[in-house]
Each structure stands twice: as C-alpha cells, then as structure tokens.
Amino acid sequence: SASAQSDSHSTAGGGAAGTSSHSEAHGTGAGATASANGGASAHSEDAAGNTADSSVSTGATAAGGTDPTTGDDTTDDATADGSTAAAFVHAPDTPGSAEAAANLATVGAGATASGSAAADVTTDDGSVAHADVAGSSTGTGTAVGHAFASGTTDATSDGSSATSASTAD
C-alpha cells in the first residue's frame, strides 16, 4: 500500500509574508510507491517601497520493499517540512528580517525528501535581508537547516559630514 499528502499555506499583509509546506509519503511492500509535492509563495509591499517575499517547496517520495532475509514487506517513510518568514517594520532604525527553515526526515532505502525555502526583505532605505536553505535526505537520515538575516541602513548628516551603518547576519 502507498499513501501521500501535501499541505501548503501562505500569508501576506501588514508588512509581512510567510509560507509553510508539509509533504509526506509512505510505501509498504514491493511496488508500492507514493509521492507528494507542495509549495507556496507570498508577497507584501507598502506605498513606501518596502517589500517582503517568501517561498517554500517540499517533496517526499517513498517506495516500499521486501526484506531479503525474511521476505516481509518493508515500509519506507519520507517527511519534508519547510517554512519562511519575511517582515519589514515601519519604525525608524528597525531592520527588515528574513528567516527560512527546512526539516527533512527519511526512513528506508526507498525514501527521499527534499525542501527549499527562501525569504527576502527590501526596505525603502536600501536595506536588504535574504535567507535561504535547501537540502535533501535519501535512505534513512535527516537534514535540518535554518537561516536568518536582518539588515539596516541608516544615514545621518550634520551639514558637513555624513555617517552610514549597515549590518547583516
């Protein structure tokens, strides 16, 4: 037997964009194969030119098998989860932030999980924050990734000199 499902969601507005996706597949016995793929994207912007973008993609495949020693059916499982968050804030001196995460898990020789997630923020003062992760897991294993970025650009002037500062993680 084989089964698979995928659920994806996105939200946008209020200076933020977020996405999430979950894919899973299960296969039991020789010839049983299932796969599921999901993805979502979101975009938010305001009149000042601030933007927040998020996208995520997940996939899972599982093919059951037969134990060569016992002849019993084997079950393979694959799960892929991904999420993103991107936000800009309207207060002065507040950076935009971007976050991306993926969590992949597989059990069995016929299991494969993959995922990617990306988040981007651009603010009207020229600040850019970008975070992305991508990975895969095959056989029995896990892959976990998380990325975070923030950026700010501030400039001040007293008439004869100017200073500027930028940060990024």
Side-chain angles (χ1 to χ4, degrees), residues 1-45 51-89 95-122 127-151 167-169:
S1 69
S3 64
Q5 75 174 42
S6 185
D7 299 306
S8 300
H9 305 279
S10 66
T11 58
T19 59
S20 65
S21 184
H22 170 83
S23 298
E24 66 179 77
H26 311 282
T28 300
T33 301
S35 64
N37 296 298
S41 62
H43 173 80
S44 180
E45 75 179 87
T51 62
D53 293 285
S54 292
S55 63
V56 66
S57 175
T58 57
T61 300
T66 303
D67 184 301
T69 305
T70 65
D72 293 339
D73 286 344
T74 61
T75 299
D76 294 348
D77 297 302
T79 303
D81 292 298
S83 63
T84 60
F88 56 84
V89 180
S97 64
E99 187 173 1
N103 188 351
L104 314 170
T106 50
V107 176
T112 302
S114 62
S116 63
D120 293 282
V121 173
T122 303
S127 172
V128 175
H130 171 79
D132 68 67
V133 294
S136 63
S137 178
T138 303
T140 298
T142 60
V144 177
H146 179 257
F148 176 82
S150 66
T167 61
D169 293 328

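Positions are given from 1, in the same order as the sequence printed here. The structure displayed is predicted, hence computed values, not measured ones.
Closest approach of V56 and G82 over heavy atoms only: CG2-C, 3.5 Å. Heavy-atom minimum distance, A98 versus A129: CB-O, 3.9 Å. When all heavy atoms of A80 and L104 are compared, the pair lying nearest together is CB-CD2, 3.6 Å. Between G15 and S44 the shortest heavy-atom distance is N-OG, 3.6 Å. The minimum heavy-atom distance linking A52 with A17 is given by the pair O-CB, 3.5 Å. Between A60 and A25, the shortest heavy-atom contact is O-CB, 3.7 Å.
No hydrogens or angles considered: nothing links the side chains of S20 and S83 as a donor-acceptor pair under 3.5 Å. Between the side chains of H130 and D132, at least one donor-acceptor pair of N or O atoms lies under 3.5 Å. Side-chain contact check for S35 and T61: no donor-acceptor pair (N or O, by modelled atom type) lies under 3.5 Å. No side-chain donor from either of S114 and S136 sits under 3.5 Å from a side-chain acceptor of the other.
Counting only residues at least two apart or in different chains, side-chain hydrogen bond (donor to acceptor under 3.5 Å, both in side chains) contacts with residues 98-112 comprise E99-H146, T106-S137.
Proximity of a side-chain donor or acceptor of S23 to a complementary backbone N or O of S6 within less than 3.5 Å is not detected.
Test S57, S21, S55 against S116 for side chain to side chain contact (heavy atoms under 4.5 Å, CB included) and you get one pass: S57.
Going from atom OG1 of T79 over to atom CD of Q5 covers 9.5 Å, rounded to the nearest 0.5 Å. Taking CG of D77 as the start and OG1 of T140 as the end, the distance is 9.5 Å to the nearest 0.5 Å. Between H22 atom NE2 and H9 atom NE2 the span is 10.0 Å, to the nearest 0.5 Å.
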Side-chain atoms of residues 63-70: list all donor-acceptor pairs with protein atoms under 3.5 Å, sequence neighbours left out, distances to 0.1 Å.
residue: D67; atom: OD1; partner: T69; partner atom: N; Å: 2.7
residue: D67; atom: OD1; partner: T70; partner atom: N; Å: 3.0
residue: T70; atom: OG1; partner: D72; partner atom: N; Å: 3.2
residue: T70; atom: OG1; partner: D72; partner atom: OD2; Å: 3.3

Give the C-alpha distance, both sets of side-chain angles, the deciding distance and a yes or no for side-chain contact (heavy atoms from CB on, under 4.5 Å) between H43 and T51.
CA-CA 7 Å; H43 173 80; T51 62; 4.2 Å; yes
